Amino acid sequence: MYDTRTRDLKEIVDREGLVTIYCCGPTVYRDAHVGNLRTFLLADLISRTLQLQGLEVDLIQNITDVGHLADDFQGEDKLLAEAERTRIDPFEIAREFEDRFHQDLALLNVQPARAYPRASENMQSMIESIQRLIEIKSAYVGSDGSVYFDATSFESYGAISGNKLEALKPGHRYEYTDEGGKKFHADWALWKLAGARTQMIWDSPWGLGFPGWHIECSAMSIDLLDAHVDVHVGGIDLRFPHHENERAQSNSLTHSEVVQTWVHGEHLLFEGKKMSKSAGNVVLLKDIKTRGIEPLALRLVFLENRYRSQMDLTWAALEAAHATLRRWKNSMAQWGEAKDLKIDLDLSQAFAQDLDTPRAILRLRAIEKDQTIGNQDKRAIFLFADQVLGLSLAEIPMSKPITGEVQRLLDQRVIARKTKNWSQSDSLRDQLANLGIEINDGAAGQSWHWK
RNA sequence: GGUCGGAUGGCCGAGAGGCGAGGCAAGGGACUGCAAAUCCCUCUACACGGGUUCAAAUCCCGUUCCGACCUCCA
């Protein structure tokens with residue numbers, strides 16, 4: 001896999017058959033949009049690929065339910081802002097969106113992680129980590145009483161992002177608002193005093209307050225993965241400052257390189273534009289379903305693009321993937337019912353080489369068309385690929401039971417066709433189409449399937 | 001301004017020195033009461049200007065444009 005820190009392809013090395021993965025999870029103040037889902041899918045693909053190679057995977061994904069620490073005085077905690085807007089308890093909001101996050105992952109066939117630790121439930125561990133950082137002089141209590149990490153104490157700061165401390169001069173992009181108690185502009189808060197805040201605050205040796213955003217990942221990955229993360233996954237935007245700071249904290253705490261390989265997923269555009277509220281193009285999995293597109297079509301679209309390249313998601317691409325998926329499922333059903341797997345070297349190599357899923361998809365299309373490969377083999381190879389692709393290819397495409405009304409219309413149409421009442425049969429076909437049924441008239445008579 | 005990616009046919013997208021991926025859309029044909037689905041056929045591209053080479057989409061130099069990150073973000 002491509003490692004952001006060394007800027008090179010790096011082999012993922014197991015330790016006695018085990019690989020640990022940590023994936024930065026959602027901040028649960030709103031629904032995850034399809035861009036977030038692409039990153040979560042990346043962790044799933046890495047995990048499934050390793051499993052295909054016979055390795056055991058231990059995956060941890062955090063839930064950020066404390067809200068991000070605002071970096072200037074204008075910034076508001078996202079969760080609390082949402083709580084204020086909706087007048088609902090912030091923890092209740094967090095749980096609600098956390099549930100929906102899990103539902104979305106399930107619809108995309110993302111295998112569950114071993115644990116989804118919540119920041120709010122690991123407060124003690126974070127506080128202990130901060131205390132230890134102060135002890136070893138990597139952190140200090142600032143003049144405002146909050147605790148800050150001393151960026152200059154960590155020698156290789158900037159290794160992931162390429163940023164140099166001297167170059168990180170404040171004020172070139174945003175109007176810089178000095179954060180009171182810092183000694184140095186690149187330092188960041190580990191524990192922020194509550195100030196006027198009354199909700200989502202905890203007691204600590206430094207007083208009531210809340211943790212900085214980066215410390216949760218350090219604390220939880222050290223606790224749950226025993227300070228050894230083989231693969232750390234996240235969106236490209238987290239490279240800096242989040243992962244840079246996380247690495248500084250984790251390595252300082254353990255005196256070791258905690259993360260072996262940093263994998264970053266590139267961002268997603270939608271219809272050519274960055275997804276943002278202001279552009280009005282934030283797309284949720286829900287919206288895709290509303291359009292009658294299968295959630296797994298989204299998974300297929302993502303697989304058709306390399307995780308390291310920016311991709312432009314479009315409705316046309318989603319619809320094309322929906323059609324491909326349907327065709328594959330139909331073909332699979334025609335190819336038999338066997339559950340045998342057949343290893344295909346091209347496919348396993350494509351997966352193993354920096355997750356080249358586009359090449360894998362290409363290979364499948366070639367196998368699909370290849371007349372020298374028998375149906376049984378085709379099915380077995382597709383099933384082999386599906387272990388990583390996770391597209392439920394063996395699923396029978398028409399899964400919903402039909403209603404009595406649909407059955408009645410179908411029966412009427414059979415009669416209409418027998419009596420060559422074409423106008424009635426066409427009108428019935430239209431009615432059925434509105435109900436989501438597609439009609440095929442073949443030599444053997446009428447057949448149908450869900451669109 | 002700094003750092004890092006990218007530019008491929010109507011559209012989306014692989015490929016990384018030689019034999020021109022694939023998909024979608026479109027057009028033609030087969031099939032059909034008509035459709036749909038399916039199958040067959042057609043459409044031949046690498047931002048621009050130099051250079052290296054027997055040979056460049058691919059390597060080098062320059063230019064233009066687009067994007068990402070640079071303390072909210074997946």
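Just so it is clear, the structure is predicted and the values come from calculations on it, not from any experiment. Throughout, protein chains are lettered first and strands after them, A, B, ... in sequence-line order, and every chain is numbered starting at 1.
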If I pick the [atom1] atom on [M] and the same atom on [N], what distance separates them, to the nearest angstrom?
| N | M | atom1 | value |
| --- | --- | --- | --- |
| B:rA21 | B:rC73 | C1' | 36 Å |
| B:rA16 | B:rC60 | P | 15 Å |
| B:rA36 | B:rC24 | P | 16 Å |
| B:rG20 | B:rU52 | C1' | 23 Å |
| B:rU8 | B:rA47 | P | 7 Å |
| B:rC19 | B:rG62 | P | 28 Å |
| B:rC40 | B:rC12 | C1' | 24 Å |
| B:rC46 | B:rG6 | C1' | 14 Å |

May I ask you to say what [X] touches in the nucleic acid, namely base, sugar-phosphate or nothing, with a heavy-atom cut-off under 4.0 Å?
| X | answer |
| --- | --- |
| A:Arg5 | nothing |
| A:Leu269 | nothing |
| A:Gly35 | base |
| A:Ser425 | base |
| A:Leu238 | sugar-phosphate |
| A:His33 | base |
| A:Arg417 | base |
| A:Arg38 | nothing |

Among the candidates [options], find the nucleotide nearest to the side-chain atoms of [X].
| X | options | value |
| --- | --- | --- |
| A:Arg365 | B:rA37, B:rG23, B:rA68 | B:rG23 |
| A:His185 | B:rA74, B:rU71, B:rA35 | B:rU71 |
| A:Trp213 | B:rC72, B:rA36, B:rA74 | B:rC72 |
| A:Arg327 | B:rG22, B:rA74, B:rC24 | B:rC24 |
| A:Asp312 | B:rG22, B:rG13, B:rA68 | B:rG13 |
| A:Ala320 | B:rA14, B:rA74, B:rC24 | B:rC24 |
| A:Phe240 | B:rG33, B:rU71, B:rG23 | B:rU71 |
| A:Lys369 | B:rG23, B:rG67, B:rC73 | B:rG23 |
| A:Asp426 | B:rC34, B:rC73, B:rA37 | B:rC34 |
| A:Pro241 | B:rA36, B:rU71, B:rA74 | B:rU71 |

Find the partner of [N]: check Watson-Crick (N1-N3 plus N6-O4 or O6-N4) and G-U wobble (N1-O2, O6-N3) distances, both under 3.5 Å, and reply none if neither fits.
| N | answer |
| --- | --- |
| B:rA7 | B:rU64 |
| B:rC43 | none |
| B:rU52 | none |
| B:rA35 | none |
| B:rG20 | none |
| B:rC72 | none |

Discussion item. So is the aromatic ring of A:His267 stacked onto the base of B:rA74, judging by whether the centres are under 5.5 Å apart and the planes are under 30° apart?
Written reply: yes
Distance criterion of 3.5 Å, no angle test: do you see the side chain of [X] paired donor-to-acceptor with the base of [N]?
| X | N | value |
| --- | --- | --- |
| A:Thr324 | B:rG23 | no |
| A:Asp441 | B:rC34 | yes |
| A:Asn305 | B:rG13 | no |
| A:Arg429 | B:rC34 | yes |

Worksheet item: Closest heavy-atom contact between A:Cys24 and A:His243?
Response: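 That closest heavy-atom pairing would be SG-NE2, 3.3 Å.
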Worksheet entry | Interatomic spacing from CZ in A:Phe154 to CD in A:Glu244 - rounded to 0.5 Å |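 It is 8.0 Å, given to the nearest 0.5 Å.
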Worksheet item: If you round to the nearest 0.5 Å, how far is CG of A:Leu190 from CE of A:Met126?
Response: 11.5 Å
Discussion item. I'd like to check A:Leu133 versus A:Leu253 (side-chain heavy atoms, cut-off strictly below 4.5 Å). Are they in contact?
Written reply: yes
Worksheet item: Rounded to whole angstroms, how far apart are CD1 on A:Ile361 and C1' on B:rA21?
Response: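 Rounded to whole Å, this separation is 15 Å.
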Discussion item. For A:Asp426, is there an ion pair with A:Arg429 - N to carboxylate O distance below 4.0 angstrom?
Written reply: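 A salt bridge is present here (some side-chain N lies under 4.0 Å from a carboxylate O).
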